[in-house]
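Step one of this worksheet: look at the structure below.
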Amino acid sequence: MKALIPAAGLATRCLPASKAVPKELFPVFDRPAIQYVVEEIVDAGLDGAVFVTAAGKESVLDHFDFSPRLAMKKSMAPALQKQVDYTSSLIDVISVRQKEAKGLGHAVFSGLAAVGDEPFAVMLPDMIFLSKGKAVFSKMFDAFQQSGASVIALMEVPEEEVSKYGIVEGSIDDSGLFSISSLIEKPLPGATPSRYAIMGRYIFTPTLHSILRHDYRDGSGEMELTDAMTELIKREKLYGLIMDKDDFVFDTGDLKGYALASAFMAAQHHPDFMTQLQKLLEDIRR
Ligand code: G1P
């Protein structure tokens, strides 16, 4: 199974920081945001990743490539050299271009030829996952193998956050999985009876190929991935894997979530980071 990484967006929520630098390359402490999802794909043992990019995003691909300029550098600290080599050897880069900004459904559609006519994963690089136990994607993969149906990651979010996400309704069925009965993209708070949000990890059967191909056949229109899933549940089952208290996710899609992820990773690496930050804040307020 291959993973598709949509990385073509303009990141308007991160302007002006994302004006010339792709949001996917913003550093989250010691590595660019997109490296976390690539490491997740490698850890899951998937057969590679397809990057869906757009004009101006070439540097996202360069990050995972061999760097001739760094190779020419005479001396580099061994630890740094190791990191550079590790990054270039992480994954073979396959990329396709989304030629028009027509929504997430269209970005996935743009990558279909590269994943082949088989089940595939979609991993949104905005979301950085951490788990104390088994990784969320591994649990999704088990559910996919057990059911043979498409599976997406879900997390219960506070009411005031439902409008940031695709929201689903459904119930636990006999198999013990959450069977999805309806989906709505970014509803208004109070307008949905459920608070189960789609968290950017999806495994799809090839049925989604035919839905997206049908919708973009004439090259017109814009479709959210959530709309394609609404069509999918008319044809076959779609399950949700509800994340539990041992699973954590950072939504770096907006600047606050991004800053939180960076601070968390910094605190993981430097135990005194939070104390120093706290002291700085107190000193400046005095
Ligand atoms: C996308 C999806 C949405 C999902 C969210 C987080 O929205 O359209 O359904 O809940 O990612 O995974 P975006 O954040 O790209 O606007």
Side-chain angles (χ1 to χ4, degrees), residues 3-15 18 22-24 26 33-34 36-37 40-41 51-54 57 60 98 100-111 121-130 135-137 140 150-170 178 180-189 191-192 194-204 208 211-212 215-216 221-233 238-243 247-258 260-261:
L4 215 144
I5 308 177
L10 284 170
T12 47
R13 277 187 284 170
C14 294
L15 282 169
S18 57
K23 175 188 71 172
E24 293 80 4
F26 288 5
I34 197 163
Y36 289 90
V37 78
E40 189 184 342
I41 289 167
F51 294 74
V52 181
T53 67
K57 297 271 188 151
V60 173
Q98 185 187 19
E100 295 165 276
K102 284 187 181 173
L104 183 57
H106 184 262
V108 173
F109 165 76
S110 303
V122 175
M123 324 272 277
L124 303 192
D126 278 354
M127 305 304 229
I128 297 179
F129 279 71
L130 284 180
V136 169
F137 189 82
M140 290 170 62
S150 301
V151 181
I152 62 177
L154 300 176
M155 191 172 81
E156 201 163 3
V157 297
E159 185 68 36
E160 61 275 17
E161 286 191 17
V162 292
S163 54
K164 281 170 67 179
Y165 300 106
I167 300 291
V168 306
E169 280 180 61
F178 188 84
I180 295 170
S181 55
S182 71
L183 307 95
I184 177 167
E185 182 67 9
K186 304 193 176 86
L188 291 172
T192 162
S194 153
R195 290 188 283 113
Y196 287 121
I198 304 169
M199 297 314 277
R201 295 292 179 274
Y202 313 74
I203 297 176
F204 289 122
L208 201 85
I211 292 167
L212 290 171
D215 274 73
Y216 290 110
E222 178 161 337
M223 187 160 76
E224 289 298 340
L225 194 53
T226 305
D227 299 332
M229 288 189 279
T230 296
E231 192 55 39
L232 182 75
I233 59 174
L238 171 64
Y239 286 114
L241 188 288
I242 300 174
M243 294 164 58
D247 302 319
F248 303 88
V249 62
F250 294 101
D251 182 355
T252 67
D254 62 41
L255 288 170
K256 186 180 166 207
Y258 165 72
L260 193 64

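Computed from a predicted model, the values in this text were never measured in an experiment. Ligands are counted one by one from 1 in listed order, and the atoms in each one are counted from 1 as well.
Distance screen at 4.0 Å: atom 14 (O) of ligand 1 has a protein heavy-atom neighbour inside the cut-off.
Under a 4.0 angstrom heavy-atom cut-off, M229 registers as lying outside contact with ligand 1.
Close approach of ligand 1 to M199 (heavy-atom distance below 4.0 Å) involves ligand atoms 12 (O). Each of the following atoms of ligand 1 lies closer than 4.0 Å to a heavy atom of T226: 9 (O).
With 3.5 Å as the limit, one finds a donor-acceptor pair spanning the side chains of Q98 and H106.
Looking only at side-chain heavy atoms (C-beta outward), M229 and Y202 come within less than 4.5 Å of each other. Side-chain contact between I203 and F137: present, with at least one pair of heavy atoms (C-beta onward) separated by less than 4.5 Å. Within the 4.5 Å cutoff, no side-chain heavy atoms of L238 are placed close to those of V168.
Backbone and side-chain nitrogen or oxygen atoms of M127 are examined, and none is located within less than 3.5 angstrom of a nitrogen or oxygen of ligand 1. Looking at ligand 1, you'll find an N or O of K186 within less than 3.5 Å of one of its N or O atoms. Between K164 and ligand 1, a contact under 3.5 Å exists for no N or O pair. Considering backbone and side-chain atoms together, E185 places an N or O closer than 3.5 Å to an N or O of ligand 1. By the 3.5 Å distance cut-off applied to N or O atoms, G166 is counted among the residues near ligand 1.
If you check which protein heavy atom lies closest to atom 12 (O) of ligand 1, you get G200 N, 2.9 Å. Among all non-hydrogen protein atoms, the one lying nearest atom 10 (O) of ligand 1 is I198 O, 2.6 Å. For atom 11 (O) of ligand 1, the closest non-hydrogen atom of the protein is L124 CD1, 3.2 Å.
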Please tabulate, one pair per line, all N/O donor-acceptor pairs under 3.5 Å involving side-chain atoms of residues 152-162, not counting sequence neighbours.
unit_1 : atom_1 : unit_2 : atom_2 : d
E159   : OE2    : G190   : N      : 2.5

Report task. Report the C-alpha separation of K186 and E224 in whole Å, then their side-chain angles, then the decisive distance to 0.1 Å, and conclude whether the salt bridge (charged side-chain N to carboxylate O under 4.0 Å, His left out) test is met. Result -> CA-CA 11 Å; K186 304 193 176 86; E224 289 298 340; 5.2 Å; no
Requested in this report: Show the numbers, then the answer: is there a side-chain contact (heavy atoms from CB on, under 4.5 Å) between F51 and I34?
Outcome: CA-CA 10 Å; F51 294 74; I34 197 163; 3.9 Å; yes
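Here K57 contributes atom NZ and L10 contributes atom CG; the two are 7.5 Å apart, rounded to the nearest 0.5 Å.
Neither the backbone nor the side chain of M155 comes within 4.0 Å of ligand 1, counting heavy atoms alone.
Under the salt bridge (charged side-chain N to carboxylate O under 4.0 Å, His left out) criterion, D247 pairs with K139, not counting sequence neighbours.
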